[in-house]
Amino acid sequence: MWLIIIVVVAVAAAAALIVMGNRGDLLGLRLPGGTRGLRRRFGPEYDRTVERHDGDRGAAEKELAERVRKYGKLRTAGLDPAARERYDAEWSLVQEHFVDSPTRAAAEADRLIARLAADCGYPAEEYDERVAALSVHHPRRVGDYRRLHRLAQTGPGGAGAEPPTEEARTALLRTRELYTELAGRPAPSGALPKAPAAEDPETAKAAPATRAGGGGRRLAERVHAPWAARRGDGRDGSGS
C-alpha cells in the first residue's frame, strides 16, 4: 500500500515538473531559474523594465513574460532584394541629411525604421506595440531605437530644442545596427567615429559653399552604411 502511494506521488511530481518545464519553454524561459532565463533573453531591456517598475522584479518579469507570450511566435519576413536596395538608398539619404539637421535625420530614421519593421511583420500602427515586439526579437537594439524616437520628437515641430549633434549622431549610428538586423544586412563593424571639432564662426561665414558641399558630404560619409557602395567608382559612401 505504501509502495503504491509513493509511486503515485512520484508520478504526480514528475508530471508537474514536465508541465512547468513546458510552460517555461512556451514563455521563452528555462525553468527552474526563470529570472535567469529572462535576463539572458532580454539583456539591458530586463534592467530597464525592472527600473520602470520601481525595482519590482515580479511585476517586471510578468510584463516581459507577457511580451514573449504575445510576440514570441510572431512570424517575421525578410526583405526581397529590390526592397532592401530601396531601404539602403533611403538610409544613406537620411545620413546625408544629418549634416544639415540632426533632428531631421533622426525623424526620418525613426519613420524609416517604423516602415521597415512593418514590412518585416511587426505591429505597424502603435509605437508602444512595435517596441514591445521588437524587444522580444531584438532586445539589445530596442533601447537605441527608443533613444532615436525620443530625439525625433524634439526640435522644430517637436516638444523641445534641437538635440546635441553628438547625441543625435550616436543614436543614428547605433540604431543603424537595428536597421541592419531588420534589413538582413551584415552587422556594421568598427568603433563610432568621433564628433567633428567645433567650426570657427568666421571660417563658416567665409566658406558656406564648401561646408554645405564637400564638407557636408565628408561628414555624411563618416556615418555611411558599410554596404552602400557608390555606383560608378566602387567606393563606400552614402551617395548614389
Side-chain angles (χ1 to χ4, degrees), residues 76-127 129-131 133-135 137-138 140-158 162-163 165-190 192-193 195-196 212-240:
T76 59
L79 298 177
D80 62 63
R84 187 179 296 115
E85 186 174 343
R86 288 195 300 271
Y87 273 112
D88 285 352
E90 286 189 55
W91 188 266
S92 293
L93 191 60
V94 165
Q95 293 175 152
E96 288 188 12
H97 292 165
F98 169 85
V99 178
D100 298 320
S101 173
T103 297
R104 175 186 176 185
E108 290 176 345
D110 182 45
R111 291 193 294 269
L112 188 153
I113 291 291
R115 287 191 291 108
L116 174 57
D119 285 349
C120 290
Y122 291 92
E125 298 299 327
E126 296 294 331
Y127 167 76
E129 280 197 33
R130 181 164 61 252
V131 169
L134 286 169
S135 75
H137 296 272
H138 303 274
R140 285 161 180 77
R141 308 296 181 212
V142 74
D144 297 322
Y145 176 43
R146 282 197 189 93
R147 190 175 299 109
L148 179 80
H149 182 76
R150 186 181 69 249
L151 292 175
Q153 311 307 308
T154 65
E162 182 89 4
T165 299
E166 179 67 10
E167 184 179 1
R169 181 193 64 84
T170 301
L172 181 62
L173 284 175
R174 289 183 174 170
T175 305
R176 185 185 70 182
E177 297 180 359
L178 174 61
Y179 172 84
T180 61
E181 291 183 5
L182 290 172
R185 289 296 189 182
S189 60
L192 293 173
R217 183 165 294 280
R218 281 195 297 274
L219 180 55
E221 288 174 353
R222 294 180 67 189
V223 294
H224 74 285
W227 59 82
R230 288 183 187 277
R231 291 186 177 89
D233 61 8
R235 292 184 305 159
D236 286 345
S238 58
S240 59

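Not measured: the values here are computed from a predicted model.
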Side chain to side chain donor-acceptor pair (under 3.5 Å) involving [X] - partner list, sequence neighbours excluded:
X: Glu90; answer: Arg115
X: Thr175; answer: none
X: His149; answer: Asp110

(message) Between Leu178 and Val142, is the side chain to side chain contact (heavy atoms under 4.5 Å, CB included) condition met? List the steps.
(response) CA-CA 7 Å; Leu178 174 61; Val142 74; over 6 Å; no
Minimum heavy-atom distance [X]-[Y], with the two atoms named:
X: His97; Y: Ala105; value: C-CB, 4.2 Å
X: Ala152; Y: Ala107; value: CB-CA, 3.6 Å
X: Ala133; Y: Pro123; value: CB-CD, 3.6 Å
X: Leu182; Y: Cys120; value: O-SG, 3.5 Å

Partners passing side-chain contact (heavy atoms from CB on, under 4.5 Å) against [X] (at least two apart in sequence or in another chain):
X: Ala82; answer: Asp80, Arg86
X: Ala109; answer: Trp91, Val94, Leu148, Leu172
X: Arg150; answer: Arg147, Glu167

(message) Taking salt bridge (charged side-chain N to carboxylate O under 4.0 Å, His left out) as the definition, give me every residue that meets it alongside Glu181, ordered by chain and number, with sequence neighbours left out.
(response) Arg141
(request) Identify, with sequence neighbours excluded, every residue that meets salt bridge (charged side-chain N to carboxylate O under 4.0 Å, His left out) alongside Arg146. (result) Glu45
(request) For a side chain to side chain contact (heavy atoms under 4.5 Å, CB included) with Tyr145, tell me which candidate from Arg174, His138, Arg130 qualifies. (result) Arg130
(message) Treating Tyr179 as the side-chain partner and Leu116 as the backbone partner, does any N or O pair qualify as donor plus acceptor under 3.5 Å?
(response) no
(message) List the residues meeting ring-ring contact (aromatic ring centres under 6.0 Å, His included) with His137, not counting sequence neighbours, and say none if there are none.
(response) Tyr122
(request) Could you please spell out the steps behind the side chain to side chain contact (heavy atoms under 4.5 Å, CB included) verdict for Glu177 and Arg140? (result) CA-CA 10 Å; Glu177 297 180 359; Arg140 285 161 180 77; over 6 Å; no
(message) For the CD atom of Gln153 and the OG1 atom of Thr103, what is their distance to the nearest 0.5 Å?
(response) 10.5 Å
